[in-house]
Engineer: 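After the structure tokens below, expect a handful of questions from me.
Nothing fancy with the numbering, it's 1 onward along the sequence. The basis for the numbers below is simple: all heavy atoms, side chains too, and nothing from hydrogens, waters or symmetry mates.
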Amino acid sequence: MVTLEDVARQAGVSLATASRVLNGSTRQVGASLRAKVELAAHQLGYRTNVAAQTLARGASNVIGLVVHDLTDPYFAALADGAMRVAESHEFMVMVGTTHRDPEREIAYVSTLNAQRVRAVLLTGSRVDDAGVTRRMRQELDRYLQTGGRVACVGQEALGVDTVVPGNREGAADLARALAGLGHRRFAVLAGPERLLTAQDRLSGFAGALAELGLPAPQVVHGSFDRDGGHAAAAEVSDATCVFAVNDVMAVGALASFRDRGADVPGDVSVAGFDDISTLRDLVPQLTTVRLPLTDMGARAMELALTPPGDGADAGPRIEAVAGEVVLRESTRRLG
């Protein structure tokens, strides 16, 4: 039986070049070399291996979706939007959960590369760690070199197509809106110190307060979940308004204040960020910054599945998504 090695030898090219021509790789091969390989294959009667073509193209019908925490409604909404787009293109979605461990995220990308999925979509904040970011970019580069596609929801840190939520700007708008209600003493339940989403939201909020000439907020760090919000809220003192940097932390804060016998918003106002749909029936209804989470997931999946058009810039496509302040019952006007 004629093998690919026989064709490469006949054409006088490397095995890798012969494979790229005959197994359908997306990497380009010069016209003259391509002609030599195709002629050699014809002369020897070589028949392409359909399974090998699929691997070389990354042409499986599987998309890899990597999320931090599927129990968090933020990621569930992103995943819902992404999966709807994938299904409309008749792709299957393989979901991996990192539990906010960046090393696990890198390992997932390596595994998905080995399985030659059609595209990889990463959802979630980057961390403030240059070494982790460098190794993730290296892993993504290895996957991209095989013809894979990558998109991200988060910060523009990985050199790939990215949907970027307006974390800093949305938090700044929220600070101005809450100050407009008469609040002057704030606390921020700021999440993990190394998480860039938490950093951006804290920075935007505190920066807007400084621009307004208001005192810096009390800052309490904790885990980026309900329990983190509950624990952080217990440390708040002398604030009329508490900003939790995501909605699930805000839910924990509401429970913490209730446990202490504090009324929300009578004794203290509480605000969050994201506008998670499953929390809209919360009592009191939560003031927050609305992000179109399902649409963000859908748009990121479209980027992952759609190569840049002819004449497009060489750099990654970046789509910024603005947040919208939504004032509800959990905050009140003072005076």
Side-chain angles (χ1 to χ4, degrees), residues 68 72-75 77-78 81 122-128 133 151-181 183-184 186-219 221 224 229 241-250 253 269-277 279-280 286-300 303 315-328 330-331:
H68 286 344
D72 185 331
Y74 176 93
F75 293 104
L78 290 174
L122 304 175
T123 64
S125 176
R126 302 296 95 207
V127 294
D128 187 8
T133 300
C152 178
V153 178
Q155 290 77 30
E156 315 172 38
L158 299 178
V160 299
D161 296 340
T162 307
V163 174
V164 182
N167 292 316
R168 190 184 302 270
E169 300 82 357
D173 289 343
L174 178 63
R176 288 187 280 267
L178 296 173
L181 296 178
H183 293 279
R184 297 294 181 267
F186 293 90
V188 179
L189 312 185
E193 294 188 57
R194 292 201 312 160
L195 198 68
L196 292 183
T197 290
Q199 288 183 9
D200 289 345
R201 292 178 183 181
L202 170 60
S203 175
F205 193 88
L209 294 182
E211 290 173 1
L212 293 169
L214 297 177
Q218 178 188 2
V219 177
H221 291 283
F224 211 53
C241 187
V242 173
F243 166 47
V245 294
N246 70 14
D247 283 350
V248 293
M249 291 187 73
S269 292
V270 175
F273 201 113
D274 294 327
D275 196 28
I276 295 167
S277 61
L279 303 184
R280 291 177 191 167
L286 185 64
T287 287
T288 189
V289 178
R290 175 182 295 157
L291 289 174
L293 299 174
T294 302
D295 290 343
M296 288 164 54
R299 185 56 194 145
L303 289 175
R317 294 169 292 183
I318 307 299
E319 297 195 5
V321 178
E324 175 189 0
V325 174
V326 183
L327 296 176
R328 297 197 181 107
S330 67
T331 55

Engineer: Does a side-chain heavy-atom distance below 4.5 Å link Val127 with Leu195?
Structural biologist: yes
Engineer: According to ring-ring contact (aromatic ring centres under 6.0 Å, His included), who are the partners of Phe205, at least two apart in sequence or on a separate chain?
Structural biologist: Phe186, Phe243
Engineer: Of Asp200, Asn167, Thr197, which is the lone residue that meets side-chain hydrogen bond (donor to acceptor under 3.5 Å, both in side chains) with Ser125?
Structural biologist: Thr197
Engineer: Using the test side-chain contact (heavy atoms from CB on, under 4.5 Å), find all partners of Ala244 that sit at least two apart in sequence or belong to another chain.
Structural biologist: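 Here the qualifying residues are Leu189, Met249, Ala250.
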Engineer: Only counting residues at least two apart or in another chain, list the ones meeting salt bridge (charged side-chain N to carboxylate O under 4.0 Å, His left out) with Arg176.
Structural biologist: Asp173, Glu211
Engineer: Is it the case that the side chain of Arg328 and the backbone of Thr288 share a donor-acceptor pair, with hydrogens and angles ignored and the cut-off at 3.5 Å?
Structural biologist: no
Engineer: Which pair of heavy atoms, one from Pro217 and one from Leu209, lies closest together, and at what distance?
Structural biologist: CD-CD1, 3.9 Å
Engineer: Determine whether Val188 and Arg201 make a side-chain contact, defined as any pair of heavy atoms from C-beta on separated by less than 4.5 Å.
Structural biologist: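 A side-chain contact under 4.5 Å is absent here.
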Engineer: Find out whether Leu178 and Ser269 are in side-chain contact, i.e. whether some heavy atom of one side chain is under 4.5 Å from a heavy atom of the other.
Structural biologist: no
Engineer: Hey, is the main chain of Phe273 close enough, under 3.5 Å, to the side chain of Asp247 for a donor-acceptor pair?
Structural biologist: yes
Engineer: What pair of heavy atoms forms the shortest contact from Arg184 to Pro215, and how long is it?
Structural biologist: O-CD, 3.6 Å
Engineer: Run the salt bridge (charged side-chain N to carboxylate O under 4.0 Å, His left out) test against Asp161 and tell me which residues pass, sequence neighbours left out.
Structural biologist: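 Per chain and number, Asp161 pairs via salt bridge (charged side-chain N to carboxylate O under 4.0 Å, His left out) with Arg149, Arg317.
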Engineer: With sequence neighbours left out, write down each residue that passes ring-ring contact (aromatic ring centres under 6.0 Å, His included) with His183, or none if nothing qualifies.
Structural biologist: none
Engineer: List the atom of Leu174, the atom of Gly272, and the distance in Å for their closest heavy-atom pair.
Structural biologist: CD2-O, 3.7 Å
Engineer: May I ask you to decide if Val270's main-chain N or O and Ser330's side chain share a donor-acceptor pair within less than 3.5 Å?
Structural biologist: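 Checked: pair present.
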Engineer: Is it the case that the side chain of Asp72 and the backbone of Tyr74 share a donor-acceptor pair, with hydrogens and angles ignored and the cut-off at 3.5 Å?
Structural biologist: yes
Engineer: Do Gln155 and Thr162 make a side-chain contact, defined as non-hydrogen atoms from C-beta onward lying under 4.5 Å apart?
Structural biologist: no
Engineer: Are the side chains of Val160 and Leu303 in contact, using a 4.5 Å heavy-atom criterion?
Structural biologist: no
Engineer: Could you report the tightest heavy-atom contact between Val289 and Gly170, atom names first, then the distance?
Structural biologist: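 So the two residues come closest at CG2-O, 3.6 Å.
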Engineer: Between Pro165 and Gly154, what is the shortest heavy-atom contact and its length?
Structural biologist: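 Heavy atoms of Pro165 and Gly154 come nearest at CD-O, 3.7 Å.
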Engineer: Checking Glu324 now: which residues fulfil salt bridge (charged side-chain N to carboxylate O under 4.0 Å, His left out) with it, not counting sequence neighbours?
Structural biologist: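 Salt bridge (charged side-chain N to carboxylate O under 4.0 Å, His left out) list for Glu324, sorted by chain: Arg290.
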Engineer: Roughly how far apart are Asp274 CG and Leu279 CG, rounded to 0.5 Å?
Structural biologist: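 With rounding to 0.5 Å, CG (Asp274) is 9.5 Å from CG (Leu279).
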Engineer: Atom CZ in Arg126, atom CG in Leu158: separation rounded to 0.5 Å?
Structural biologist: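 Interatomic distance, Arg126 CZ to Leu158 CG, rounded to 0.5 Å: 5.0 Å.
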Engineer: Using every non-hydrogen atom in the two residues, find where Pro73 and Ile276 come nearest and quote the distance to one decimal.
Structural biologist: CB-CG2, 3.0 Å
Engineer: Apply the test side-chain contact (heavy atoms from CB on, under 4.5 Å) to residues Val245 and Phe224: give CA-CA distance (whole Å), side-chain angles for both, the deciding distance (0.1 Å), then the verdict.
Structural biologist: CA-CA 8 Å; Val245 294; Phe224 211 53; 3.5 Å; yes
Engineer: Evaluate the side-chain contact (heavy atoms from CB on, under 4.5 Å) criterion for residues Glu193 and Asp128: first the C-alpha distance (whole Å), next the side-chain angles of each, then the deciding distance (0.1 Å), finally the verdict.
Structural biologist: CA-CA 8 Å; Glu193 294 188 57; Asp128 187 8; over 6 Å; no
Engineer: So, His221 side chain and Gly191 main chain: donor-acceptor pair closer than 3.5 Å or not?
Structural biologist: yes
